[in-house]
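Chain letters run A, B, ... following the sequence lines, proteins first and then strands; every chain starts at 1.
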There are 2 protein chains.
Amino acid sequence: MWVTFPTFQKNMTLNKDTFTGEYQYSLDSKGRVNIPAKFRQALSKKNQNTFVATRGQDPCVWIYPLTEWKKIEDELRNLSSVSGIHRTFIRQIARSATPSTCDKQGRITLSPSLISFSQIDKNALIIGMINKIEIWNPETLKTVDEKNMIEDSIELNSLADKIVI
Amino acid sequence: MWVTFPTFQKNMTLNKDTFTGEYQYSLDSKGRVNIPAKFRQALSKKNQNTFVATRGQDPCVWIYPLTEWKKIEDELRNLSSVSGIHRTFIRQIARSATPSTCDKQGRITLSPSLISFSQIDKNALIIGMINKIEIWNPETLKTVDEKNMIEDSIELNSLADKIVI
DNA sequence: AAGATAGTGGTGAATTGTGGGTAACTTTCC
DNA sequence: GGAAAGTTACCCACAATTCACCACTATCTT
C-alpha cells in the first residue's frame with residue numbers, strides 16, 4: 001500500500017511568530033530582561049525588535065510581538081464599551097500595555113508597575129506560549145500551575161486527549 | 001503477548017512519515033542523540049531534518065516531525081486563553097517544546113529540562129510510535145509499561161482484539 | 001575484502017547573555 | 001529661565017554557551 005503525500009510548501013519551518021521553550025534569565029537592576037535569541041529570530045523581519053508588554057491574566061507579564069498585539073487591539077476596538085465589565089476588561093489590558101523595543105543586546109525594559117504586578121525580583125522565567133511570551137517569577141508559576149492542575153485535572157486530561165497526538 | 005515485525009528489505013515501503021522499530025543509542029555529554037537513519041529516511045524530503053522535541057505524557061521525550069507538530073501547534077493556537085486551565089495546558093506543552101534540526105551526523109540536541117524530565121542519562125531507547133518518536137530511559141520504560149499492563153490488562157486485551165487482525 | 005553508510009566524540013568559531021558606563025533627555029527646584 | 005539631579009536609552013566588553021564542522025570507528029553491503 002502506497003500513500004502519496006502532498007509536496008510541502010516552500011516554507012516548512014515553524015510558523016513565524018511562534019514561541020516555544022523555556023528560558024531562565026535574570027532581571028537586572030535596571031529592570032531589563034533578555035529576550036531569548038530564538039524568539040527574536042522567530043519574529044518577522046519588519047517589526048523585529050518591537051514588542052508590547054502588558055499584564056497577564058495570570059500574575060505574570062505577557063509580551064506580544066507587534067503583529068499579535070494589533071489583533072488584540074482590533075478586538076478590543078470592536079468590543080462595545082456599554083457594559084461596565086467590558087470597560088474594566090479593556091482597562092485591565094490597555095492601562096498597562098507598554099510598547100518597548102529590544103536594545104542592541106536583545107533586552108527589553110519592564111516598567112516598574114509590571115515588575116511589581118508580576119512579583120519578579122531576580123530570576124525571570126520566560127516561556128514561549130505559541131503566540132505570546134510569558135515572563136514569570138518561577139515561584140509564582142509553580143503555585144499557579146499546581147493550583148490549576150489540582151482543581152481542573154479532569155478538564156486538563158480531556159484537553160490532552162483531544163489535542164495531543 | 002509479542003508481535004514480531006517483518007524485517008524490511010531495502011525498498012520495503014511503510015507509509016512515508018511512519019516510524020516503527022526500536023533502537024538503542026547513547027546520549028552524549030552535550031545532550032545529543034542520534035535519530036535512526038531509517039527515521040530520517042522515512043521523512044519526506046523537504047523538511048527532512050527538523051523535528052520538535054517535547055515532553056511526553058509518559059516520562060519520556062516525544063519527537064515530532066514538523067508536519068505533525070504543526071497540527072498540535074494549530075490546536076493550541078486556536079485554544080482560547082480566557083480560562084486558567086487552558087493557559088496551564090498550553091504552558092505544559094509549549095514550554096518544553098524545542099525545535100531542533102539534525103546536524104550533519106543525524107543527531108538532535110535535547111534541552112536540559114527534557115533530559116531531566118525523562119531521566120535519560122547514558123542509554124537512550126528510541127521507539128517508533130507511528131506518527132512520532134519516543135526516547136526513553138530503558139529502566140523507566142520497563143517500569144511504566146509493567147505498571148500499565150498490570151493495572152489495565154483488560155483494556156489492553158480488548159484493544160488487541162479490536163485492532164490486531 | 002573493500003567501499004559505503006551509520007554512529008560517537010571532540011574542537012574551534014560564532015553567537016548569546018550579563019554587567020557596567022556614558023551620553024542625552026526630563027524633571028525639579030531655586 | 002537655568003542648573004542640578006534623576007532617569008532613560010544606547011553602547012561596549014567580557015564570559016559563557018551553543019552550533020557547525022571534522023575526524024575516527026563500527027557496521028553493513030556488494
Specify the residues of residues 108-132 of chain A, ordered by number, for which at least one heavy atom lies under 4.0 angstrom from an atom of DNA chain C.
-> A:Lys122

Pairing residues for B:Glu151 by the salt bridge (charged side-chain N to carboxylate O under 4.0 Å, His left out) criterion, not counting sequence neighbours = B:Lys147

Are A:Leu159 and A:Val144 grouped together when hydrophobic residues (ILVMFWY) are joined by side-chain heavy atoms under 4.5 angstrom apart?
-> yes

Any idea which heavy atoms bring B:Phe89 and A:Val164 closest together, and the distance?
-> CZ-CG2, 4.3 Å

NZ of A:Lys104 versus C1' of D:dA9: gap in Å, rounded?
-> 13 Å

Over how many whole Å does the gap from A:Arg107 atom CZ to D:dC12 atom P extend?
-> 13 Å

Distance-only donor-acceptor pairs under 3.5 Å for side chains of residues 125-135 of chain A, two or more places apart:
| residue | atom | partner | partner atom | Å |
| --- | --- | --- | --- | --- |
| A:Asn131 | ND2 | A:Glu68 | OE1 | 3.3 |
| A:Glu134 | OE1 | A:Trp136 | NE1 | 2.6 |
| A:Glu134 | OE1 | B:Arg91 | NE | 2.8 |
| A:Glu134 | OE1 | B:Arg91 | NH2 | 3.4 |
| A:Glu134 | OE2 | A:Trp62 | NE1 | 3.1 |
| A:Glu134 | OE2 | B:Arg91 | NH2 | 3.3 |

Tell me, please, which residues at least two apart from A:Ser113 pass side-chain hydrogen bond (donor to acceptor under 3.5 Å, both in side chains).
-> A:Ser111

Heavy-atom count around A:Gln57 CD within 6.0 Å, excluding the residue itself: above 12?
-> yes

Just say parallel, tilted or perpendicular for the rings of A:Phe39 and A:Tyr23, cut-offs at 30° and 60°.
-> perpendicular

When every non-hydrogen atom of B:Gly56 is compared with those of B:Phe117, the smallest separation belongs to O-CZ, 3.7 Å

Using heavy atoms and a sub-4.0 Å distance, could you list which residues of residues 28-37 of chain B are near DNA chain D? By number, please.
-> B:Lys30, B:Arg32

Between D:dA9 (P) and A:Asp103 (CG): distance, integer Å | 10 Å

Which is the 5'-most and which the 3'-most nucleotide of DNA chain C that has an atom under 4.0 Å from a heavy atom of chain A?
-> C:dT16 to C:dG21

Just checking, is any N or O donor in the side chain of B:Thr54 or B:Ser96 under 3.5 Å from an acceptor N or O on the other one?
-> yes

Which atom names give the shortest non-hydrogen contact between B:Ile108 and B:Phe51, and what distance separates them?
-> CG2-CD1, 4.2 Å

